[in-house]
Amino acid sequence: MPDPAIEILIIGNAMTEVESYISSLRNSGVTVHANRLNQDDQRIAKAIRSASSLDMVIYTAESGDIGIEHLMSLLQEYDVAVPVIALSEPGNEDFVVNAMNQGVKDVVTRKNSEHLTLAVKREFSSLLTERKLDKTKSQLKEAEARCHTLIQSSREAIAYIHEGMHVEANPAYLQMFGQVEQEEIEGLPILDMIAPSEHKKFKKILRSLSADHEQTAEIEISCLRDDEKEFCAQLSFSPASIDGEPCTQLVIRDQTNDRQLEDKLRLLSTQDSHTGLYNRQHFLSILEETTRQQQDQDSPTHSLLYITLDNFQEIRNSAGIAASDSVLNEVAELLTGLTHTDDLLARFGDHTFTLLTPLTDRQEVESLAVRICNEIDAREYAETASYISPTSSVGIAFSSAEIPGGQEFLNLAYHACENARQEGGNQFSVAIAATRQEEEDKAGNETDLSHLIQHALENDKFKLVYQPIISLQGDTRENYAVLVRLIDHNNEEIQPNYFLKQTDEMGKMAALDRWVIRHAIAELSVQRKKGRKINFFINISGTTLEDDTLLLWVCDCLREFEAKGPWVIFQISDSDARAHLQQVQKLTEGLQKIKCQLSIDHFGLNPKPETLLRNLRINYIQFDPKFLDDLAGNQEKQDALNEANRIGQSYNVKTVATGIEDANSLAILWSIGVNYIRGYFLQEPSPTISYDFNQS
């Protein structure tokens with residue numbers, strides 16, 4: 001950026017001499033806008049009074065109507081704070097001393113152009129620094145005022161203390177301790193708010209803070225309300241200042257409420273809101289751990305029952321949504337009555353339940369499956385007396401050291417359930433052992449899955465679900481990740497980790513991507529026409545990146561559904577972007593022209609993550625979910641995520657943390673400065689677009 005021009009007022013009678021000074025300055029590379037005036041008192045006063053962008057005054061000491069004292073008084077009178085440089089004859093020492101006493105920044109011998117140039121550059125640089133400082137002070141004052149307003153309106157209890165005494169406190173703090181007026185707390189010792197049994201511990205903290213004013217500290221301690229009731233609180237100390245005086249900011253959080261909230265959040269994150277059973281995500285996490293522990297055991301430790309209602313879609317079509325939901329609740333209640341303390345029962349899908357039990361005796365487990373089928377069939381349902389009653393199919397799988405993971409364990413029970421359903425339903429089927437399954441049925445299962453995928457592509461048997469992407473920085477725009485599910489013959493959802501690999505091996509990923517993009521844009525258009533400010537993150541696979549016609553096809557979709565490019569963020573995995581860098585660069589250039597945006601998924605674990613940021617125009621990065629595994633207890637992961645976030649934001653890219661499964665990581669992500677978060681803890685992917693972003 002070029003240096004700004006210097007606006008100079010030059011006062012002097014010798015115009016030729018003045019012109020030579022201006023020429024010297026310009027020849028030395030200084031851009032000058034000069035206003036030349038003779039030493040006329042009235043004209044000079046008017047010029048100073050009306051100056052809106054004056055940077056400097058050059059005064060020629062000679063006989064005339066205005067003296068240096070009068071010039072400096074005019075500048076002071078009209079509040080024009082600019083440096084003055086005076087020019088004088090050699091040997092005029094009295095003038096030099098007088099001028100400097102009046103506040104002139106420098107006195108230069110006339111016709112010494114080199115000295116004048118250096119003085120002008122120096123004083124202009126100093127002037128710019130001073131103006132920046134004034135601006136910074138003003139901004140600081142405004143920030144302090146805003147901060148004070150925020151603190152006063154904050155729900156957190158905040159106070160300022162100095163040498164153990166209260167200086168100021170916000171209303172939340174006063175309310176927490178029962179103090180009604182600000183005057184009641186000013187000068188009150190902070191020790192009066194601490195339980196007597198904790199005084200020794202608290203005094204030690206105060207001494208430490210007094211010894212080091214820049215220190216931060218955090219403790220958990222018992223505090224005392226004005227009614228003498230104690231409560232457990234977390235106290236956070238940090239350095240601060242009020243009216244320029246150093247003090248300590250104290251934030252107090254009532255741990256009683258926090259713990260109650262944590263319990264509620266933990267329940268919400270593991271519970272299905274409709275039936276009250278455990279939800280899919282919690283069940284999968286326990287199933288994975290159970291399968292891992294089985295690896296060290298020679299005999300089965302658990303059995304898994306996959307339970308689906310055979311005719312639920314018919315019930316919903318004939319009885320309606322409210323009645324069918326009531327049936328689900330009654331089935332959930334029935335199944336709960338058949339379980340024991342050590343069993344884990346979950347609502348796994350729309351009309352599917354899963355039961356993990358330590359029962360391993362085959363006869364006992366089969367008897368339980370028969371009882372489930374019989375009781376579901378025999379029950380009289382309140383809302384469907386005149387409609388179809390449900391029946392169920394149950395798939396049974398036994399744990400084994402040969403089952404590599406929870407998903408494979410689940411697949412065994414799922415296929416057994418499918419066998420029972422295809423045999424007419426209202427019965428159970430036991431899965432073949434994992435090794436036999438792999439040897440005898442793998443090819444058959446893959447063939448069945450291939451037919452199912454092809455059928456879904458031809459008959460719209462895929463389904464979109466949506467997961468909110470929520471801001472940690474107060475942005476209330478409604479961003480959703482668009483995900484896809486495969487619908488089987490029983491109208492059950494099949495997860496992507498089960499069918500995407502097969503879809504890719506069939507060469508159908510590009511077709512699936514196009515199905516997702518088209519249906520997502522159609523839904524986006526519907527939501528926008530309802531007045532909602534929704535944006536969709538839509539995945540593109542590496543295979544689709546090789547399709548040169550993709551961009552034109554996207555344009556056709558946008559035009560067909562009257563949608564706009566800025567509503568769509570296309571998402572590519574880090575590894576696919578690296579493997580198809582040229583194609584992504586070309587696609588990105590085209591996406592920019594139609595205002596679509598680009599997001600990189602699974603970012604941060606590959607070497608040199610900034611490579612993509614340098615080579616592509618990226619709007620968002622979504623961090624690899626592995627960052628979130630035990631983030632709260634792993635400092636190395638916190639440091640790595642902090643660095644990845646810093647790199648992303650240094651390129652002006654918004655950052656998204658994915659895989660949020662609990663509340664423990666939220667505070668860390670906020671302190672790191674991550675822009676957005678997404679995960680099952682906030683909301684599972686849902687077929688409805690109903691998240692309330694204003695509550696975040």
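Positions are given from 1 along the sequence.
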Once you measure the plane-to-plane angle for Tyr480 and Phe536, does it fall in the parallel (<30°), tilted (30-60°) or perpendicular (>60°) bin?
perpendicular

Evaluate the ring planes of Phe202 and Phe237, with Trp represented by its six-membered ring, and classify them as parallel (under 30°), tilted (30 to 60°) or perpendicular (over 60°).
tilted

Is the shortest heavy-atom distance from the side chain of [X] to the side chain of [Y] under 4.5 Å?
X      : Y      : result
Leu284 : Leu410 : yes
Phe353 : Thr336 : no
Gln638 : Leu631 : yes
Ile161 : Leu206 : yes
Lys203 : Lys200 : no
Val482 : Leu524 : no
Val674 : Phe627 : no
Lys595 : Lys564 : no

Taking atom OG1 of Thr357 and atom CG of Asp343, what is their separation to the nearest 0.5 Å?
3.5 Å

Hey, what do you get for CD1 (Ile618) to OG1 (Thr588), rounding to the nearest 0.5 Å?
7.5 Å

If you look at every heavy atom in [X] and [Y], which pair is closest and at what distance?
X      : Y      : result
Gln295 : Ile403 : NE2-O, 2.9 Å
Asn539 : Gln571 : OD1-NE2, 3.0 Å
Gln297 : Ala401 : O-CB, 3.7 Å
Asp574 : His602 : CB-O, 3.4 Å
Asn606 : Ser575 : ND2-N, 4.1 Å
Leu235 : Cys223 : CD1-SG, 3.9 Å

Derivation and outcome, side chain to side chain donor-acceptor pair (under 3.5 Å), residues Ser208 and Gln215
CA-CA 8 Å; Ser208 176; Gln215 181 182 355; 2.7 Å; yes

I'd like to know whether His580 forms a side chain to side chain contact (heavy atoms under 4.5 Å, CB included) with Ile572, so could you lay out the CA-CA distance, the side-chain angles of the two residues, the decisive distance to 0.1 Å, and finally the verdict.
CA-CA 10 Å; His580 303 83; Ile572 304 167; over 6 Å; no

Pick one: which of Phe537, Phe570, Tyr651 meets ring pair (Phe, Tyr, Trp, His ring centres under 6.0 Å) with Tyr620?
Phe537

Audit row: Gln622, Ile469, side chain to side chain contact (heavy atoms under 4.5 Å, CB included) steps and yes/no:
CA-CA 10 Å; Gln622 298 202 39; Ile469 299 174; 4.2 Å; yes

For the pair Thr275 (side chain) and Leu277 (backbone), establish whether a donor and an acceptor sit closer than 3.5 Å, ignoring hydrogens and angles.
yes

Test Tyr691 against Tyr466 for ring pair (Phe, Tyr, Trp, His ring centres under 6.0 Å), laying out the working first.
CA-CA 10 Å; Tyr691 188 84; Tyr466 310 91; over 10 Å; no

Applying ring pair (Phe, Tyr, Trp, His ring centres under 6.0 Å), run through Tyr173 and His166 and close with a yes or a no.
CA-CA 11 Å; Tyr173 187 95; His166 287 90; 5.5 Å; yes

Carefully, step by step, assess Gln585 and Glu589 under the rule side chain to side chain donor-acceptor pair (under 3.5 Å).
CA-CA 6 Å; Gln585 286 173 328; Glu589 290 173 4; over 6 Å; no

Run the ring-centre check on His519 versus Phe462 and record whether the distance is less than 6.0 Å.
no

What verdict does the side chain to side chain donor-acceptor pair (under 3.5 Å) test give for Asn675 and Thr655, after you've listed the backbone C-alpha separation in whole Å, the side-chain angles of each residue and the deciding distance to 0.1 Å?
CA-CA 5 Å; Asn675 298 115; Thr655 57; 3.2 Å; yes

Could you give me the CA-CA distance, side-chain angles and deciding distance for Arg528 and Asn535, then say whether side chain to side chain contact (heavy atoms under 4.5 Å, CB included) is met?
CA-CA 9 Å; Arg528 282 280 180 163; Asn535 303 316; 2.9 Å; yes

Between Phe177 and Arg225, is there a cation-pi geometry (under 6.0 Å to ring centre, at most 45° from the normal)?
no

List the steps and the verdict of side chain to side chain donor-acceptor pair (under 3.5 Å) for Asp639 and Gln635.
CA-CA 6 Å; Asp639 294 341; Gln635 187 61 47; 2.9 Å; yes

Per the side chain to side chain contact (heavy atoms under 4.5 Å, CB included) rule, which among Leu224, Ile185, Ile221, Ile252 passes with Met193?
Ile185

